[in-house]
Structure formats: C-alpha cells, structure tokens
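Please read these numbers as outputs of a predicted model, since none were measured by experiment.
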Amino acid sequence: GKTHLLQGICNAAERRRSGERPMLCRYVTAEQFTNEFLTALRHKEIGEFRRRYRQLDLLAIDDVHFLAAKKATQDEFLHTFNSIESAGRRVVMASDSHQRLVGELNEPLVSRFVAGMVVKIDSPDSQTRLEILHRRASVMKLAAGPDVLEYVAAHVRGSVRELEGTLIKLSAL
C-alpha cells in the first residue's frame, strides 16, 4: 500500500541525480520524525535535526495522521515542509485518512497538505491480488496451486498485508 509506494518513490528518486550529486531522499514515519525532533530538543541538537531534514531533495513521510495533537511537532514539520518546498524540492506524504478528516491538525499544515495532489489508494483489484499472491508464494517457495491462489484472491479483499498473512497461514497448515 502507501508505505511501499512511498519507499518506491524514494528508491526511484535516489537513482536520479540533482546536478552533480545523487538526490538526497528520506523515507520516515511521522512517529520517527516526532521522536527524532523530541530527541534533538532534549539533547539541544535542533540545528543538526533541521539540517538533516531541510537539506533533503525529497522527504517522504508516512502516517501523517500521527502528528495530530502534537503542536510543537506540527510547527516544526510545517517549517521543514516550507523550507524544502521553497527550495524547489519535494515532500510526499501519506495518511490513513484525508487530512481534513484528521482531528487536531493545525490549519496551516492542512492547507499545505491539500495544496498538492491528494490521491486515494484503493485496495488491489482481483487480478492484482492474484499477481501479488503468485509472486509472494514464489518467494516463500509455497507450492499452492493456481486454484488455491485464485480462491484466496477472490475471498481476501483487504490489504497486501492480509494477503501475505493468508499465505503464511497456508504455509503453516
């Protein structure tokens, strides 16, 4: 889902160049960002924290909804976002729900979020689920017949993690 997509964006960006150097990219969860921010404050290393994030060509941040009700972290993230964006670089974010539906996010932050392209990622369709199952079963060296994988693809309609969990259960049985 969204985590794999963000990590894929970072991996693809890191293979590109920004002038004479490789692009500086980082995938991080909002919880990691928050923990690093709080640690930097505690150890009086906020300057280093800001340099580490604000020099990035691409920041991919997952689970943005985690920032809800964390005023100081939201403020720091907003300044980081603005710094990266004003330098012509990119921030890519993912959340479990639309930012306007996440309670306790400050309005300037929500405004930045919705100013970009907002896309809903749906669960994979039946054919995609079947392809995922084939690939994962192959990696797991699971000798499940095509009819078994088709059955699983037809009946497990949730996330990729649910599909993988079903294969693990089948393997155990």
Side-chain angles (χ1 to χ4, degrees), residues 1-40 45 48-68 70 73-74 76-99 102 105 109 112-142 149 152-153 156-168 171:
K2 60 185 179 56
T3 299
H4 290 106
L5 184 59
L6 287 177
Q7 290 172 341
I9 289 169
C10 275
N11 290 337
E14 285 174 341
R15 290 190 295 270
R16 299 185 69 189
R17 298 188 72 73
S18 177
E20 293 297 313
R21 63 174 175 76
M23 288 185 69
L24 293 173
C25 306
R26 180 146 191 227
Y27 164 84
V28 66
T29 65
E31 181 178 14
Q32 287 172 281
F33 182 90
T34 300
N35 291 338
E36 288 179 29
F37 172 61
L38 295 175
T39 299
E45 297 172 346
E48 175 55 33
F49 171 84
R50 288 178 176 155
R51 274 188 297 283
R52 185 170 57 247
Y53 276 96
R54 296 180 186 186
Q55 54 131 12
L56 294 171
D57 295 305
L58 172 71
L59 171 60
I61 186 159
D62 203 354
D63 299 325
V64 174
H65 54 276
F66 183 83
L67 297 177
K70 295 172 181 65
T73 306
Q74 287 182 45
E76 183 62 31
F77 180 69
L78 178 63
H79 293 299
T80 298
F81 184 107
N82 288 340
S83 178
I84 292 170
E85 185 183 57
S86 68
R89 297 174 308 225
R90 301 284 179 247
V91 178
V92 181
M93 299 170 286
S95 177
D96 286 348
S97 59
H98 192 282
Q99 284 70 30
V102 175
L105 281 178
L109 202 51
R112 292 292 186 280
F113 293 165
V114 299
M117 183 170 70
V118 178
V119 178
K120 181 179 181 216
I121 301 174
D122 292 321
S123 296
D125 62 21
S126 180
Q127 189 61 38
T128 304
R129 289 193 305 271
L130 186 57
E131 180 63 26
I132 290 166
L133 289 166
H134 278 293
R135 289 182 186 199
R136 286 299 298 152
S138 175
V139 168
M140 294 171 64
K141 296 181 180 12
L142 178 62
L149 296 180
V152 172
V156 179
R157 298 173 184 223
S159 69
V160 173
R161 286 188 184 105
E162 286 181 71
L163 292 170
E164 291 174 341
T166 302
L167 288 178
I168 290 169
S171 177

[X] vs [Y] side-chain heavy atoms within contact, under 4.5 Å:
| X | Y | value |
| --- | --- | --- |
| Thr3 | Arg161 | yes |
| Leu149 | His134 | yes |
| Thr34 | Phe66 | yes |
| Leu163 | Leu167 | no |
| Met140 | Ile168 | yes |
| Glu45 | Thr39 | no |

Check: With sequence neighbours excluded, what pairs up with Ser159 under the side-chain hydrogen bond (donor to acceptor under 3.5 Å, both in side chains) test?
Finding: none

Check: Taking only residues two or more places apart in sequence, or in another chain, which ones meet Arg157 in a side-chain hydrogen bond (donor to acceptor under 3.5 Å, both in side chains)?
Finding: none

Note to self: Within a 6.0 Å radius of atom CZ on Arg90, are there more than 12 heavy atoms belonging to other residues, nucleotides or ligands?
What the structure shows: no

Might you point out which heavy atoms bring [X] and [Y] nearest each other, and give the distance in Å?
| X | Y | value |
| --- | --- | --- |
| Arg26 | Leu56 | CB-CD1, 3.7 Å |
| Pro124 | Thr128 | CB-CG2, 3.7 Å |
| Ala13 | Cys25 | CB-SG, 3.5 Å |

Nearest-0.5 Å distance that lies between atom [atom1] in [X] and atom [atom2] in [Y]:
| X | Y | atom1 | atom2 | value |
| --- | --- | --- | --- | --- |
| Leu6 | Asn11 | CG | CG | 11.0 Å |
| Arg16 | Glu14 | CZ | CD | 13.0 Å |
| Ser171 | Lys141 | OG | NZ | 12.0 Å |
| Tyr27 | Leu59 | OH | CG | 11.0 Å |
| Ser83 | Gln55 | OG | CD | 10.5 Å |
| Glu31 | Ile61 | CD | CD1 | 11.0 Å |

Check: Counting distance only, does the side-chain N/O of Asp57 pair as donor-acceptor with the main-chain N or O of Leu24 below 3.5 Å?
Finding: yes

Next item on the list: Could you verify whether a donor N or O on one side chain and an acceptor N or O on the other, from Tyr53 and Glu76, lie under 3.5 Å apart?
Entry: no

Check: Lys2 and Asp96: side chain to side chain contact (heavy atoms under 4.5 Å, CB included), yes or no, with the steps?
Finding: CA-CA 9 Å; Lys2 60 185 179 56; Asp96 286 348; 2.8 Å; yes

Margin query: Over 60° means perpendicular and under 30° means parallel, so tell me whether Phe33 and Phe77 are parallel, tilted or perpendicular.
Written below: perpendicular

Next item on the list: Mind checking side chain to side chain contact (heavy atoms under 4.5 Å, CB included) for Glu164 and listing every partner two or more places apart, or none if nothing turns up?
Entry: Arg136, Val160

State which residues pass salt bridge (Lys or Arg N to Asp or Glu O under 4.0 Å) with [X]; sequence neighbours excluded, sorted by chain then number.
| X | result |
| --- | --- |
| Arg112 | none |
| Arg51 | Glu48 |
| Glu162 | none |

